[in-house]
Each structure stands twice: as C-alpha cells, then as structure tokens.
Amino acid sequence: MREKLVIGNWKMHGTQAQAHELATHARELAAALPNIEIGIAPSFVHLPACLAIATGSDLIVAAQNLAAYGNGAHTGEVSAEMLTDLGVGHVLVGHSERRQRFGEDDAVVATKLEMALEAGLHPVLCLGETLQQREAGATADVVLQQLMAVRERVGVEGLRRTSIAYEPVWAIGTGLTATPEQAQEVHVLIRSAISQHDAIVGGLIRILYGGSVKGSNARQLLAQTDIDGALVGGAALIPEDFAAICHAASQDG
Ligand code: PGA
C-alpha cells in the first residue's frame, strides 16, 4: 500500500510571520494524521525557519527548486548540497512554472533530478501537458516524453527514490481541475510506463495529482486508485483548506 503524501507548494508567497503560522499548522496536521505524509515547500528564504519548526515532527520540508550545478560560481543559485546541509530532505523538480517561465527543458530537469538524487534528496518530479497539447490529443506523448527524459538519465533505480506529481498545466492556479477520471487515466499511463521497466518500482512509486486541488474536490481525486496524494498550490496558503485536503487523504489512505 502506498502511503499518501500531500505537499503544500507555497510558491513565491508569504512573510516570515505567515511562513511561521503555516508551518506550525502543518506540523500539527502531521502529528494528527500519522497515516499519511505531509509536507510544505516554502521559498528558499523561509526554509531555515520552517525546518526549525518541523524539527522533532514528521512534517516534511521541501525546497521548490535546486540548481543544475554543484557548488561554484553560479550567482543566485542554490545547490543540492546546500539543501541537504540545511536539513532539507525533499525537492520539487521541473514544476511547470519553472519549465514555462524559466526555460527549464527536459534536459535541465533531468540534470536537476540527478543532482538531487546524488545529494540524497528525494525529488518530486512534476509533469504535465498544456491545454493546447491536451486539445491536440498529445497528453500521453508529452507526459511520457517528460518522464522518459528523466528515466533515461537516472534509470529506474533513480525513479525508485523519486515521487511524481502529475500537474496538468491548464489546471494550475486556474480553478479548473482535471476530473478524477482524467487524472486517473494519466496516472495509470505514468505507472504503466514505469512498470514496463520495473514492475516493483511502478507499483511502489507515488504519483501525486496537482492543479487546483481544494478541500471540496480532494476526496474524489484522492479516492482514485492511482492518485497517491496531492501537490497543492493556492489552497496550501489557506490553513482550513490545506487541513481539509490532508484529512481527505488520511481517510482514503
Ligand atoms: P494550484 O497549484 O493548486 O494553485 O493549482 C498547484 C501547483 O502548482 O503545484
């Protein structure tokens, strides 16, 4: 049985006070719902404060990004090594906002994921198609291409230490959510593609759904056989909403 994982991606939001409040709330949720894993992904500047709050609890603290390089002359970047030194255990890789706005292509995403694994971080690989691609019937091709670019680099052994987040780009921050059936269909596709290489890894890898997950739609999404959790953006900034999503995950878990 795959334990459900819910991660709140705060993106570029929040003051120190808000980060403190949200992290404290998430820590309480993690203690109250021991049958699932709960994580937060604050911006880099809020990581140390959030890690301090998470100390001694089961709350996962993830970074939202990492450099495609090791330590060196890369002004403004944050390396995998710096994250592990800080005590961070997880990192989002290839979020669609990074792919679309910061030019991260499949090769860069594969390099970042490799850097994360080499440093002992657990990457959460984000995949997903745009609306145009979905309407053109290219969803499967796009998602599998994004997945294979990474598998070719790190192998199934690398995927064994990775989680995946399927996030249709058209559903991120738009209020549009994939129907549970639409999401389940892509999750099965991803899992089958991995299972073709290694049935054990395919069966064990966690595939989260992301894209306008809220308290009101979480239960139906998380009830799908192959949806193993949620990557939550906007709703993660609203404590009641985040709590409702985590409770939904806990009851189906
Ligand atoms: P959203 O974002 O929940 O605000 O749609 C999800 C994400 O980008 O991870």
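Order of appearance sets the numbers: ligands from 1, and atoms from 1 within every ligand.
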| field | Smallest separation among heavy atoms of L29 and C246, with atom names | value | CD1-SG, 4.0 Å
| task | Heavy atoms only: give me the nearest G128-V142 pair and the separation to one decimal. | result | O-CG1, 4.1 Å
| Gap between atom CG of L208 and atom OH of Y166 - 0.5 Å precision | 13.5 Å
| message | Is it true that Q251 and R219 share a donor-acceptor pair across their side chains at a distance under 3.5 Å? | response | yes
| query | Judged by modelled atom types alone, do W170 and E129 share a side-chain donor-acceptor pair under 3.5 Å? | reply | yes
| task | Take V150 and L127 through the side-chain contact (heavy atoms from CB on, under 4.5 Å) test and state the conclusion after the steps. | result | CA-CA 11 Å; V150 167; L127 312 168; over 6 Å; no
Distances for all N or O pairs of ligand 1 and the protein under 3.5 Å?
{"from": "ligand 1", "atom 1": "2 (O)", "to": "K11", "atom 2": "NZ", "distance (Å)": "3.2"}
{"from": "ligand 1", "atom 1": "3 (O)", "to": "S212", "atom 2": "N", "distance (Å)": "3.4"}
{"from": "ligand 1", "atom 1": "3 (O)", "to": "G233", "atom 2": "N", "distance (Å)": "2.8"}
{"from": "ligand 1", "atom 1": "4 (O)", "to": "G234", "atom 2": "N", "distance (Å)": "2.8"}
{"from": "ligand 1", "atom 1": "5 (O)", "to": "G173", "atom 2": "N", "distance (Å)": "2.6"}
{"from": "ligand 1", "atom 1": "5 (O)", "to": "S212", "atom 2": "N", "distance (Å)": "2.7"}
{"from": "ligand 1", "atom 1": "8 (O)", "to": "K11", "atom 2": "NZ", "distance (Å)": "2.7"}
{"from": "ligand 1", "atom 1": "8 (O)", "to": "H95", "atom 2": "NE2", "distance (Å)": "2.7"}
{"from": "ligand 1", "atom 1": "9 (O)", "to": "H95", "atom 2": "NE2", "distance (Å)": "3.3"}
{"from": "ligand 1", "atom 1": "9 (O)", "to": "E167", "atom 2": "OE1", "distance (Å)": "3.4"}
{"from": "ligand 1", "atom 1": "9 (O)", "to": "E167", "atom 2": "OE2", "distance (Å)": "2.7"}

